[in-house]
2 protein chains.
Amino acid sequence: MEDKLFDYISRYMIVSEEEKKAIIDLDIFRNYKKGTILLTEGQQSDDGYFVIKGCIRCYYIIDGEEKTTAFYPESETLAPLCSVNKKPSEYYVSCVEDSILIVSNPEMEKTIFERFPRFETLCRILSEELLAKNQASFDGFKTSTPEQRYLNLLKTRPDLLQRVPQYQIASYLGIEPQSLSRIRKRLVK
Amino acid sequence: MEDKLFDYISRYMIVSEEEKKAIIDLDIFRNYKKGTILLTEGQQSDDGYFVIKGCIRCYYIIDGEEKTTAFYPESETLAPLCSVNKKPSEYYVSCVEDSILIVSNPEMEKTIFERFPRFETLCRILSEELLAKNQASFDGFKTSTPEQRYLNLLKTRPDLLQRVPQYQIASYLGIEPQSLSRIRKRLVK
DNA sequence: CTCCTTTTTTAACTTAAGTGAACGAAATGA
DNA sequence: TCATTTCGTTCACTTAAGTTAAAAAAGGAG
């Protein structure tokens with residue numbers, strides 16, 4: 001289980017046994033059942049998530065309708081806005097499947113960073129990377145039609161379409177479920 | 001001129017005179033004329049930008065058409081994807097106006113972080129903040145219609161509409177210039 | 001297996017954005 | 001200053017997404 005985390009980190013640096021032990025000793029692995037709500041609108045939480053297994057999802061409820069904006073499957077990280085700006089959350093976070101997550105918070109990060117400053121460098125670099133990638137997806141979204149967005153999803157994250165209901169994919173693509181159904185129909189021929 | 005930078009940083013921490021001097025000694029302030037292209041498609045650069053004065057813009061050229069995806073006015077930061085993933089850039093960066101920028105690169109960051117580790121913490125926190133905010137804008141974009149996006153821009157960044165040509169705003173909103181013209185007409189009544 | 005709920009598809013109709021073209025206004029530059 | 005390019009608006013037409021409603025299909029619970 002720890003391996004998923006260290007495999008991920010090993011793409012950036014070699015982690016010593018001492019460091020591994022320190023992280024495991026934090027006891028940050030958590031199991032959640034499918035459907036568990038990790039964060040609710042209006043709630044303030046400092047927690048950040050790294051997905052070891054399973055998948056989590058962000059969604060808003062706007063005029064009574066669920067609007068899904070992001071999915072985080074294995075090896076992805078979510079630091080909700082409310083954990084950064086210390087304000088109540090505008091969105092929900094829930095588990096799409098039974099999941100194992102690392103749940104971190106600023107205090108434990110501080111503990112680790114003080115003992116192993118290399119980890120703060122790692123987190124800085126990871127954030128910079130994630131930011132640049134998020135901007136690139138946003139760019140792709142802006143410059144594409146709904147159909148192109150769907151095709152791109154099919155190419156880059158085909159797994160998602162298997163794991164997640166279509167109506168959630170639809171709002172993730174910025175359209176209504178009926179439109180996604182239509183696009184799929186259009187494409188099969 | 002330095003003040004713009006230190007005013008910005010002072011929202012996060014108190015900067016000592018020694019630290020200020022070290023940063024100023026890096027000699028990282030640069031002047032650019034309106035229209036200067038800072039980064040070209042296909043180019044690889046390590047540079048990151050902090051806007052002291054003026055405004056910079058990111059755009060793609062897709063099928064011969066400019067597609068603007070982002071603006072960075074005073075006190076905003078741009079770390080292009082190519083500076084993070086070390087690959088050739090897919091987009092251009094140019095100056096919307098005569099601008100004064102801080103141009104940084106990984107080596108000088110390393111120099112500063114080694115001497116003043118607090119600055120790495122600052123950069124980590126800033127990246128985390130920027131990431132969360134970028135995600136929030138992306139969410140807002142996905143869950144809005146073009147008209148709502150325009151109204152939101154009008155509310156949150158009215159200055160942009162004065163500083164930037166309409167056709168650039170249009171692609172920033174994910175639509176064609178004609179559609180933006182139509183939306184504006186629709187709204188005046 | 002059956003019933004009930006959720007999800008997906010279909011359809012008809014409405015609305016708004018894309019497209020291509022034309023025109024005038026504004027900005028640019030020689 | 002005049003000529004030229006660029007920009008914003010308008011129009012007519014096309015295309016695709018939103019909306020509302022209903023039916024079909026799939027999934028889960030008992």
Side-chain angles (χ1 to χ4, degrees), chain A residues 33-37 55 57 59-69 71 92 94-98 140-154 158 160-189, chain B residues 33-37 55 57 59-68 71 92 94-98 140-154 160-189:
Chain A
K33 283 271 160 225
K34 175 175 177 174
T36 306
I37 293 182
C55 181
R57 167 176 79 104
Y59 61 98
Y60 294 73
I61 294 186
I62 298 173
D63 300 330
E65 298 271 298
E66 252 185 34
K67 300 284 178 186
T68 296
T69 55
F71 297 101
Y92 297 77
S94 80
C95 296
V96 166
E97 305 164 351
D98 291 355
F141 192 94
K142 269 186 188 167
T143 57
S144 306
T145 62
E147 180 170 320
Q148 291 170 327
R149 285 174 214 153
Y150 174 72
L151 288 169
N152 182 248
L153 189 65
L154 212 54
L160 263 191
L161 296 159
Q162 309 306 325
R163 302 168 79 168
V164 164
Q166 220 110 103
Y167 74 93
Q168 290 175 12
I169 298 285
S171 52
Y172 180 70
L173 295 173
I175 59 178
E176 298 300 316
Q178 297 91 320
S179 298
L180 178 53
S181 184
R182 225 168 359 202
I183 287 169
R184 287 161 54 85
K185 191 177 166 191
R186 211 155 64 206
L187 289 171
V188 286
K189 39 167 215 241
Chain B
K33 283 270 161 223
K34 175 175 177 175
T36 306
I37 293 182
C55 182
R57 167 176 79 103
Y59 61 98
Y60 294 73
I61 295 186
I62 298 173
D63 299 330
E65 298 270 298
E66 251 186 36
K67 300 283 178 186
T68 296
F71 297 101
Y92 297 77
S94 80
C95 297
V96 167
E97 305 165 350
D98 289 354
F141 193 94
K142 270 185 188 166
T143 57
S144 306
T145 62
E147 180 171 320
Q148 291 170 328
R149 285 176 215 151
Y150 173 71
L151 288 168
N152 182 56
L153 188 66
L154 212 54
L160 263 192
L161 297 159
Q162 309 307 325
R163 302 167 79 167
V164 163
Q166 220 108 103
Y167 74 95
Q168 291 175 10
I169 298 285
S171 50
Y172 180 70
L173 295 173
I175 58 179
E176 298 301 315
Q178 297 93 320
S179 298
L180 179 53
S181 187
R182 225 170 357 206
I183 288 170
R184 287 161 55 84
K185 191 178 166 191
R186 212 155 63 208
L187 288 171
V188 287
K189 40 165 215 243

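A note on names: the letters A, B, ... follow the listed sequences, proteins ahead of strands, and every chain is numbered from 1.
Summarising the geometry, the separation between NZ on Lys142(B) and C1' on dG18(D) is reported as 19 Å, rounded to the nearest angstrom. As rounded to whole Å, 11 Å separates atom P of dA17(D) from atom CD of Gln148(A). Rounded to an integer number of Å, the gap from Leu187(B) CG to dG8(D) P is 17 Å. Nucleotide dT8(C) holds its P atom 9 Å from the CD1 atom of Ile169(A), rounded to whole Å. Taking atom CG on Leu180(B) and atom C1' on dT10(D), their separation rounds to 14 Å, with Å as the unit. The NZ atom of Lys185(A) sits 14 Å away from the P atom of dA24(D) (whole-angstrom rounding). Taking atom CD of Gln168(A) as the reference point, atom C1' of dT6(C) lies 12 Å away to the nearest angstrom.
Once rounded to the nearest 0.5 Å, the distance linking CG of Leu161(A) with CG of Leu154(A) reads 6.0 Å. The distance from atom OG of Ser144(A) to atom CG of Leu151(A), rounded to the nearest 0.5 Å, is 9.5 Å.
Between Phe141(A) and Phe141(B), the ring-plane angle classifies as perpendicular under the 30° and 60° cut-offs.
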Hey, mind stepping through Gln148(B) and Thr143(B) against side-chain contact (heavy atoms from CB on, under 4.5 Å) and telling me if it holds?
CA-CA 9 Å; Gln148(B) 291 170 328; Thr143(B) 57; over 6 Å; no

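With contacts defined as side-chain heavy-atom distances shorter than 4.5 Å, the pair Arg184(A)/Tyr150(A) qualifies. For the pair Pro146(B)/Ile183(B), a side-chain contact is recorded, criterion being any heavy-atom separation below 4.5 Å from C-beta on.
Bending across the helix from dC1(C)-dG30(D) to dA30(C)-dT1(D), expressed as the angle between its end axes from five pairs apiece, amounts to 60° (10° rounding).
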Can I get a per-line list of side-chain donor-acceptor pairs under 3.5 Å for residues 167-175 of chain B, giving both atom names and the distance, sequence neighbours left out?
from      : atom 1 : to        : atom 2 : distance (Å)
Gln168(B) : OE1    : Arg57(B)  : NE     : 3.4
Ser171(B) : OG     : Thr68(B)  : N      : 2.9
Tyr172(B) : OH     : Arg157(B) : NH1    : 2.8

Heavy-atom contacts, protein to nucleotides 15-30 of chain C, under 4.0 Å, summarised as B (base), S (sugar-phosphate only) or - (none) per nt, yield -SBBBBB---------

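A salt bridge links Asp98(A) with Lys33(A): the closest approach of a Lys/Arg side-chain nitrogen to an acidic carboxylate oxygen falls below 4.0 angstrom.
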